[in-house]
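The shown structure was predicted, so the numbers you read here are calculated from the model rather than taken from an experiment. Both backbone and side-chain heavy atoms feed into the values below; hydrogens, waters and symmetry mates do not. Indexing begins at 1, ligand by ligand and atom by atom, following the structure's order.
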Amino acid sequence: MAELLTEICGTKLRNPTILAAGILGVTSATLERAANSGAGAVTTKSIGPIRREGHPNPVVVETPCGLLNAVGLSCPSPEESIEELKKTIKELDIPVIASFYAHSELEFGNLAERISGVKPHLLEANISCPNVENDFGMAIGTDAEASSRITAEIKSMTDIPLIVKLTPNVTDIREIARAVEDAGADAIAVINTYGPGMAINAETGRPVLSNMFGGLSGPAIKPIALRCVYELYDEVGIPLIGIGGIQTGKDMAEMLMAGASACGIGTAIMNRGVEVFSEICRELEEFMDEHGYSRVRDIVGLAHR
Ligand code: RRO
């Protein structure tokens with residue numbers, strides 16, 4: 001039987017499936033559901049510097065090959081989020097990745113320091129949300145210089161390994177990845193949602209999302225995620241977490257072959273339920289057994305031969 005163990009920045013994962021940020025990630029109870037269903041690690045919904053309501057409903061709409069969302073970075077106060085994170089870390093026996101966002105360099109650094117106090121295994125800086133105003137979210141992740149400054153500031157405030165999550169909505173993702181690697185990032189997660197896109201209800205003649213536009217996830221963006229991981233595997237020397245459209249064990253094998261060491265799962269939970277983690281692992285194991293691969297590292301980057 002194939003061995004699914006993998007590793008991100010020295011943190012061992014029992015398998016390469018990671019609950020992606022923003023899905024089931026607000027409370028320890030929902031994160032625990034993903035852990036119990038077999039996830040290798042879980043990521044919290046992005047913790048912010050102040051309580052934020054997010055956009056009014058509807059914030060999610062299904063499209064033929066994926067989901068559009070414009071949740072709008074909703075989050076409890078940082079005190080509440082960090083308390084919940086502390087509980088999650090205590091209760092779960094798998095690595096917990098704390099995702100967070102802020103509005104400025106200093107705020108990113110301060111929040112990273114506060115979150116690090118409860119010792120998550122890894123931090124994930126979200127500089128790539130497509131659904132918010134200009135001064136944060138994707139505005140940072142599309143600017144190599146801002147991405148670099150924020151990464152360096154976070155690194156100066158914490159010793160916990162830092163994953164930086166990038167947006168695909170750039171001309172050259174390699175430039176942004178190089179900038180964050182040079183600034184000290186320990187790993188890169190690619191990709192956040194694509195777009196924004198929109199849905200219109202033909203009956204009402206109105207946009208469906210209250211925010212009108214939202215980020216696209218799911219099978220529609222898998223080819224884009226694969227391309228980003230493939231490009232970055234050649235470009236940077238730090239581990240990659242591949243996210244975007246992974247629904248099956250075979251999808252995951254492809255993402256590992258592109259160069260990811262582990263993979264985020266999000267939209268697939270809507271389609272296959274929370275059991276998707278153990279199902280994808282079983283499918284990946286079967287795929288590896290059938291093809292004679294015995295360890296995850298045998299297939300990481302295989303498509304680059
Ligand atoms: O909350 C959101 O609307 C959101 C976030 Br923070 C993100 O990083 N990506 C996304 O598609 N939605």
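Remark: R272 engages E283 in a salt bridge, criterion side-chain N to carboxylate O under 4.0 Å. A salt bridge links K222 with E254: the closest approach of a Lys/Arg side-chain nitrogen to an acidic carboxylate oxygen falls below 4.0 angstrom. With respect to the salt-bridge test (charged N to carboxylate O, under 4.0 angstrom), the residues K87 and E83 do not qualify. A salt bridge does not link D234 with R174: none of the charged nitrogens is closer than 4.0 Å to a carboxylate oxygen.
Under 4.0 Å from ligand 1, the heavy atoms of N192 that appear belong solely to its side chain.
Of all atoms in ligand 1, numbered sequentially from 1 with element shown, those under 4.0 Å from a heavy atom of N126 are 6 (Br), 7 (C), 8 (O). Which parts of ligand 1 touch N69 is read off a 4.0 Å heavy-atom cut-off, strictly below it: atoms 2 (C), 3 (O), 4 (C), 10 (C), 11 (O), 12 (N). The ligand atoms of ligand 1 that sit less than 4.0 angstrom from a heavy atom of K45 are 1 (O), 2 (C), 6 (Br). Listed by number with element, the atoms of ligand 1 under 4.0 Å from a non-hydrogen atom of L73 are 1 (O), 2 (C), 3 (O), 6 (Br). Near G72, meaning under 4.0 Å from any of its heavy atoms, are these atoms of ligand 1: 1 (O), 2 (C), 3 (O). Atoms of ligand 1 lying under 4.0 Å from at least one heavy atom of T193, given by number and element, are 9 (N), 10 (C), 11 (O).
In this structure, N271 contributes its side chain and A268 its backbone to no donor-acceptor pair below 3.5 Å. Within the 3.5 Å criterion, the main-chain N or O of T27 finds no donor-acceptor partner in the side chain of E84.
Contact between P130 and ligand 1 is present, with at least one heavy atom of the residue lying under 4.0 Å from the ligand.
By heavy-atom distance, the residue among S217, G266, C129, G215 lying nearest atom 4 (C) of ligand 1 is C129.
Just one residue in the list E279, E286, E285 forms a salt bridge (charged side-chain N to carboxylate O under 4.0 Å, His left out) with R282, and that residue is E286.
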